[in-house]
Structures are given as structure tokens and as C-alpha cells.
Amino acid sequence: MFPQAGEWAGGEAAFPAAIKALDQINQREDILPGYYLNLSAYDTRCSAGLGTTILYELLYNKTFGNVNSSILMLLGPACSPVSTAVGEAAKMWNLIVLSYGSSSPALSNRARFHTFFRTHPPATLHNPTRIKFFELFGWKRIAILIQTEEVWQSTAENLEVLARKHNVHIAVRQLFDNDPSHAISNLQKDDIRIIVGLFYEEKARKVFCKAYQQKYFGESYVWWLVGWYADNWFLKIDDIDCTADEMSRAVEGHFTTEIQMLTDSTTRTISGLTAREFITDLNSTLKQLFPNKPVESVGGYVESPLAYDATWALALALNRSLGRANLEEWSYGNVNMKEIMMDDMKKTDFFGVSGAVKFDELGNRMSKIVVEQLRNGYYHRLARFDAEKGSIEWLNNEGPDGSRCWNYKHNYSSSY
Ligand SMILES: CC1(C)CO[C@@H](CC(=O)O)CN1
């Protein structure tokens, strides 16, 4: 399932990446020998209803698409709302679902999504990084500003649980639906200085425009946002009543956390390619497919390594199951074979273009998180955090031990 439109057209780049993996897999004699993996792709348009309809047709309509047999596994969906609908239904047909693009923490509920796995980590994976930095900088009093959407509210709940375990006090938790003015006034009244902002890009512009207008910005405030907004997101002023200069001043100095989806490593991956070789090849394909836009703005470009690695993960799991299951006997009622394939999915452990690929007990994939800071309008990569080891790797800036990152103009107070 590869959305080509809708809230997030993540399938635009993910589909070519998955096809590349499939072609490489089908040429490998050592993977699924004697079998040819066939991929039937459908545009879900990021719609839960359409995704469910496609699943139903795949299950019951043998003439649907070019599928004239039962499908072995489902690659996708991309968008969280579609994964929520499809992932919950698929288990009733013993169908394993492997998403490459869904970040909703709700999808970690194993009871609801028993056969669901994802190479895209949940949004909650940002939280250990945030806590690590709060401890590093001695920030004890934090606020969370939350857009009323499930993905952000469940991320906030997870952050509060972690904060309590690490003696960080969540002093204020402010929710807003469309207009953040009242919430920002409350943060100001409580003299909050460290704010974790959990909202989509369009709301981020409203937050910082209001913050500017209410003079709630500058060197004494530290904002933590997600790092996957579009480049120069704060300069798109057509939907706010602030100038680009006002927005630049309001957002200056904020930190972001982002899942690292393409490894920096030069190690050869399971496919034999390095990550650099993979992305170079994908870029040339995307330039042909989307000649009128830069590759970085093709939907799902950042997540495409996750789709590539997800295709490898499915093929490797099926390959492992060959020893214990006869794939010709697969049918949606074959619980025994579903259990075998579930076991083999849980054994996933390979080095892909997105880094180490393995799933935890909730079907989630762990990744590294990159921390950046906006300085004079440009994002600087500060550090990479390994949530599994709890370790920080400083990138071209040393740590807070009196090095360059402290030369920056913000005088962070350690009393908050
Ligand atoms: C980092 C982002 C943009 C978060 O949303 C994901 C889509 C979703 O969870 O619906 C895709 N990747």
C-alpha cells in the first residue's frame, strides 16, 4: 500500500524504493530459491477507508488487481490512520503487516495490532532523547504544548511517564486544537522556559507567530520540536499574520529531534549496496519519475530507506520460514503458518540502508535520533542519540563541556 496523494503521499518515493529491493531480492539465488516474489501495489491515498476497501478486495476478490491468489504479507500502509484500520483488521485473516511509514504510538498496542510490524519507529522514540538532553542541561521544569491529535497526545503521555522516571517535572501540559494563543498565554503566566512542542508543521507556524506577538520568544526560551517539517517551514507565511523576519526571530535557537532514516555508515548492507549507493540510485530514478520537482520534495523521500529495508525484511522472514512451512499451503485461515511467519519476523536482524533492522516485542523498530539546532536560520546537526544504548555521539560540536555549542548566543539557564 503506497499512498500517492492525501495527507501524506509517502508512497511516491517508497514504491520505487520497494521495487528496487524486490528486483535485487528476486535476483538472489540464496533468498527464496525457486520462488519469485511478486508485488501488487495500490494507492491508498492516505485514506483509512480506501485502505480498508483495498484490503477487503485483496482478501475476497480473486480478480482484484493482478492478484489471483492469497497475498502472503502486506507491505505498508504508510499513514498511521490507514495502518490503524488495516492493521487491526488484518490480524483476523492472519495477515502480517509491515508498515514503512507509520509513527503513531497507538500502533504499539500488541493486543489490537497482533500481526503488525513497522520499520518506521513510533513518535515516542523521540522522548528518550529529549529527556537525555534535559538531564544534560539540568532542565528540571518542562512544559508540553500539544495539538489535539492522537499521535501527539500519546507521545505526550509517554513523555510524562519517562519524565517522572528521570526526575524531570512536567509543570504544564497545554492542549490546543486550532488556535494556540490561550495555551501560550498560560505558558507565559507560569514562566515556563523549556517547551516540548508536539504539533504538525501548519500548527507550528501558528504557535511561533503567536509566541512572537505575545513576546514569548528569545534567548531565555528553549523549544523542542520534531525535525521533519519541510525546509524553511517557518518562512511560509501565507497562512499566518507574521512576517518572515518575525518568524525567524521567534524560531531562532530551537532544537529538533528526528529519527535517522538513512544510515551514515559506509558499511555494505544486506543488499550489497552502501546507503550512499542506494540513495544515489534512487535519486536518479526519482528524477526520471518526478522531473518537475527536487527529489527531496517527493512524498516519502526521507522514509524511502524504510520501505526498501521493509521489503528486505519481508523476504528474509519468508526465506527463514521455508524450512518449516510450505508457502504453497498458505491461506488466510492457516494459523499455524501465521505463527511460523510471526516467529520469523521476530527473528529479523540485518543491517539495512536505514541502519540495524530488528523489531522489539511490540513490533517496533529502534533507530538513532539526530538532534539539531536552528542557528541564524540554518539547522546544525548537534548530536546523534542511540536510544538502545542511551549514548550520545556529538556531531561536529562537542558536548556541553565548554566547547563550541556553548559559544552560541543562547545563555541557557541551568536553573530550569
Ligand atoms: C516522520 C513522519 C513524517 C511522521 O509521520 C509519518 C506518517 C504517519 O505516521 O502517518 C511519516 N514520517
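One-based numbering, in listed order, for ligands and for the atoms of each. As the structure is a computational prediction, the values presented were derived from the model and not from experiment.
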When you look at [atom1] of [X], are more than 12 heavy atoms from neighbouring residues, nucleotides or ligands closer to it than 6.0 Å?
X	atom1	result
F350	CZ	yes
R112	CZ	yes
E296	CD	yes

Pull out every atom of ligand 1 sitting under 4.0 Å from any heavy atom of [X], numbered as shown with elements.
X	result
C79	10 (O)
G101	6 (C), 7 (C), 8 (C), 9 (O), 11 (C)
S102	9 (O)

message: For the 3.5 Å polar cut-off, considering only N or O atoms, please tell me whether S103 and ligand 1 meet it.
response: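 By distance alone, the answer is yes.
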- request: Before signing off on this row, confirm whether W8 and ligand 1 have an N or O atom pair separated by under 3.5 Å.
  value: no
field: ligand 1 contact on E258 by region, counting heavy-atom pairs under 4.0 Å
entry: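 It is neither; nothing of E258 touches ligand 1.
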message: Taking 4.0 Å as the limit for heavy-atom contacts, which would you say applies to E7 with ligand 1: side chain only, backbone only, both, or neither?
response: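 Neither part.
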message: Tell me whether N364 contacts the main-chain N or O of D360 through its side chain, where contact means a donor paired with an acceptor under 3.5 Å.
response: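 Pair absent, no side-chain N/O of N364 close to backbone of D360.
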query: Considering only protein heavy atoms, which is closest to atom 2 (C) of ligand 1, and at what distance to one decimal place?
result: E303 OE2, 3.5 Å
- line: Closest to atom 10 (O) of ligand 1 among protein heavy atoms sits S80 N, 2.8 Å
Cationic N near anionic O, under 4.0 Å, [X] to [Y]:
X	Y	value
K236	E201	yes
E252	R375	no
K206	D239	no

